[in-house]
Amino acid sequence: MKVAICDDSIEDLMTIEHILTTYRDKNPKVSLEIEKFSDARQLYARIQKNELADLYILDMLMPEKSGIDLGNEIRRYGSEKAIIYITTSDEFALDAYDVHAIRYLLKPVRDSQLYEALDYAFTCSGVSQGPRYLVRTRQGLVSVPYSRIEYIENSSRMLAVHLVDGEIIKSIFIRSSFDEEIGELIREDDFMQVHKSFLVNKRYVRRLNGDHILLESGDGVPVSKKRAADVKREYLLYVSGQYH
């Protein structure tokens, strides 16, 4: 997938690129070709030549050409292209809706927010996001990309699958043990069981304390005394591996 980023702030441009490359590293089955623009006029001219990307990540407030100017031009040439706005103000949200942007995020954007937006963009485009976790709900089977799962809680033999966008998918009563239900996830490097009733996605851990974990969403998850030392060691190994 070809991704074009446009922001007149070089610092913000580099931050977004870093989040994208980290996402690509964490999702080896996803192909991302990234192109950056600090001058909206250059991207505008590229669009007018019908040289289109698959996904656009745009600042809203830029000199000469605004994010909405770019969005309208994108829609003239590629109605199916995905647009994500990342900006400092929420006053243009309705304008973003008019150009059918898939997400409108406020700066400073969190990694998890942009990860979720990318997941959604790939879902819309049909691009594979890698393995998926099946949750049995009252409405039937729900398929969730591993990358969207922040943590899973087991309560009264029912699973609550917490996603990075705040959605919670609740399962029906499970007949097998929690360990069996999360067995496929435990085999993945991104996940660790921190309590007999909690599994977390390491990529969304903001802070690890002795007896609990703070996640990107702000939710706290308990760490059992029995697992505390192993959890700390496993997470530190995971973090150190991200910077090699």
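All values derive from a computational prediction rather than experimental measurement.
Atom CD1 of I182 and atom CD of E188 lie 12.5 Å apart (nearest 0.5 Å). The OG1 atom of T87 sits 14.0 Å away from atom CD1 of I84, with the distance rounded to the nearest 0.5 Å. Note that CG of D7 and CE of M62 are 7.0 Å apart. Values are rounded to the nearest 0.5 Å. Expressed to the nearest 0.5 Å, how far SG of C6 lies from CD1 of I86 amounts to 12.0 Å. To the nearest 0.5 Å, the span separating CD on Q42 from OH on Y44 amounts to 15.0 Å. Considering NZ of K65 and CG of D39, their distance stands at 11.0 Å, rounded to 0.5 Å.
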Side chain to side chain contact (heavy atoms under 4.5 Å, CB included) between T88 and L106, worked out:
CA-CA 5 Å; T88 55; L106 294 180; over 6 Å; no
Step-by-step side chain to side chain contact (heavy atoms under 4.5 Å, CB included) determination, L199 to M192
CA-CA 6 Å; L199 175 86; M192 64 178 173; 5.7 Å; no
Working for salt bridge (charged side-chain N to carboxylate O under 4.0 Å, His left out), residues E150 and R203
CA-CA 8 Å; E150 185 177 52; R203 71 158 74 172; over 6 Å; no
Does the pair L163 and I168 meet the rule for a side chain to side chain contact (heavy atoms under 4.5 Å, CB included), with working shown?
CA-CA 6 Å; L163 307 185; I168 302 174; over 6 Å; no
Run M158 and K170 through side chain to side chain contact (heavy atoms under 4.5 Å, CB included) and show every step you take.
CA-CA 7 Å; M158 290 184 288; K170 295 187 177 180; over 6 Å; no
Where do S89 and E91 land on the side-chain hydrogen bond (donor to acceptor under 3.5 Å, both in side chains) test, with the steps shown first?
CA-CA 6 Å; S89 173; E91 64 179 298; 3.3 Å; yes
Would you please test S147 and D119 for side-chain hydrogen bond (donor to acceptor under 3.5 Å, both in side chains) and show each step?
CA-CA 8 Å; S147 59; D119 287 343; 3.1 Å; yes
Evaluation steps, side-chain hydrogen bond (donor to acceptor under 3.5 Å, both in side chains), between D190 and Y146
CA-CA 9 Å; D190 279 350; Y146 286 5; over 6 Å; no
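Residues meeting the ring pair (Phe, Tyr, Trp, His ring centres under 6.0 Å) test with Y56, sequence neighbours left out: none. Remark: H18 pairs with T21, T22 by the side-chain contact (heavy atoms from CB on, under 4.5 Å) rule, at least two apart or across chains. With sequence neighbours excluded, the residues that form a side-chain contact (heavy atoms from CB on, under 4.5 Å) with R207 are N209, L214. With sequence neighbours excluded, no residue forms a ring pair (Phe, Tyr, Trp, His ring centres under 6.0 Å) with Y133. Residues satisfying the side chain to side chain donor-acceptor pair (under 3.5 Å) criterion with S143, sequence neighbours excluded, are R132.
Side-chain N or O atoms of R157 include none that pairs as donor or acceptor with a backbone N or O of F173 at under 3.5 Å. Side chain of E180 to main chain of S177: a donor-acceptor pair is present (N/O by atom type, distance under 3.5 Å, no hydrogens or angles). At least one donor-acceptor pair under 3.5 Å links the side chain of Y104 to the backbone N or O of F92. Without hydrogens or angle criteria, E73 side chain to L70 main chain gives no donor-acceptor distance under 3.5 Å. Of the possible polar contacts, one joining the R75 side chain to the K81 backbone as a donor-acceptor pair under 3.5 Å is found. Without hydrogens or angle criteria, D69 side chain to S66 main chain gives a donor-acceptor distance under 3.5 Å. A donor-acceptor pair is defined here as one N or O able to donate and one able to accept, closer than 3.5 Å; no such pair exists between the side chain of R227 and the backbone of V194. In this structure, S171 contributes its side chain and L159 its backbone to a donor-acceptor pair below 3.5 Å.
Side-chain contact between F122 and L32 is present, with heavy atoms from C-beta onward closer than 4.5 Å. Proximity of V3 to L20: side-chain heavy atoms (C-beta onward) are separated by under 4.5 Å at one or more points. Put simply, the side chain of I152 does not reach to within 4.5 Å of the side chain of H162, judged on heavy atoms. Annotation: side chain of L58 is in contact with side chain of L43 (closest heavy-atom distance under 4.5 Å). Residues I149 and F191 have side chains in contact (heavy-atom distance under 4.5 Å, counting atoms from C-beta outward). Taking 4.5 Å as the limit, every side-chain heavy atom of Y204 sits out of range of all side-chain heavy atoms of S217. With a 4.5 Å cut-off on side-chain heavy atoms, R24 and I34 count as touching. At least one side-chain heavy atom of L52 sits under 4.5 Å from a side-chain heavy atom of Y77.
One hydrophobic cluster holds both V239 and V231 under the rule that ILVMFWY side chains link at heavy-atom gaps under 4.5 Å. In the hydrophobic cluster analysis, where Ile, Leu, Val, Met, Phe, Trp and Tyr join through side-chain heavy atoms closer than 4.5 angstrom, I186 is grouped together with I174. I172 and F178 fall into different hydrophobic clusters, where Ile, Leu, Val, Met, Phe, Trp and Tyr side chains are chained together by heavy-atom contacts under 4.5 Å.
Residue E181 comes nearest to S176 through the heavy atom pair OE2-OG, 2.6 Å, listed as atom of the first residue, atom of the second, then distance. Here the closest heavy-atom approach between residue V164 and residue E116 is recorded as CG2-CB, 3.4 Å. The two residues V109 and L105 come nearest to each other via the heavy atoms CG2-CD1, 3.7 Å.
Checked for salt-bridge contact, D230 and R233 meet the test: a charged N lies under 4.0 Å from a carboxylate O. Checked for salt-bridge contact, K202 and E234 meet the test: a charged N lies under 4.0 Å from a carboxylate O. Salt bridge E167/R148: present, at least one basic N to carboxylate O contact under 4.0 Å. Electrostatic pairing of D12 and K107 counts as a salt bridge here, judged by a charged N lying under 4.0 Å from a carboxylate O.
For the pair R103 and Y85, the cation-pi criterion (under 6.0 Å, within 45° of the ring axis) is not fulfilled.
Relative orientation of the Y97 and H100 rings is tilted, given thresholds of 30° and 60° on the angle between their planes. Taking the six-membered ring where the residue is Trp, Y23 and Y115 present tilted rings, their angle falling between 30° and 60°.
Under a 4.5 Å side-chain heavy-atom criterion applied to ILVMFWY residues, the cluster that includes L141 comprises L134 as well.
For CZ of R136, the number of neighbouring non-hydrogen atoms (other residues, nucleotides, ligands) closer than 6.0 Å is 12 at most. Summarising the local packing, NZ of K2 is surrounded by 12 or fewer heavy atoms from other residues, nucleotides or ligands at distances under 6.0 Å.
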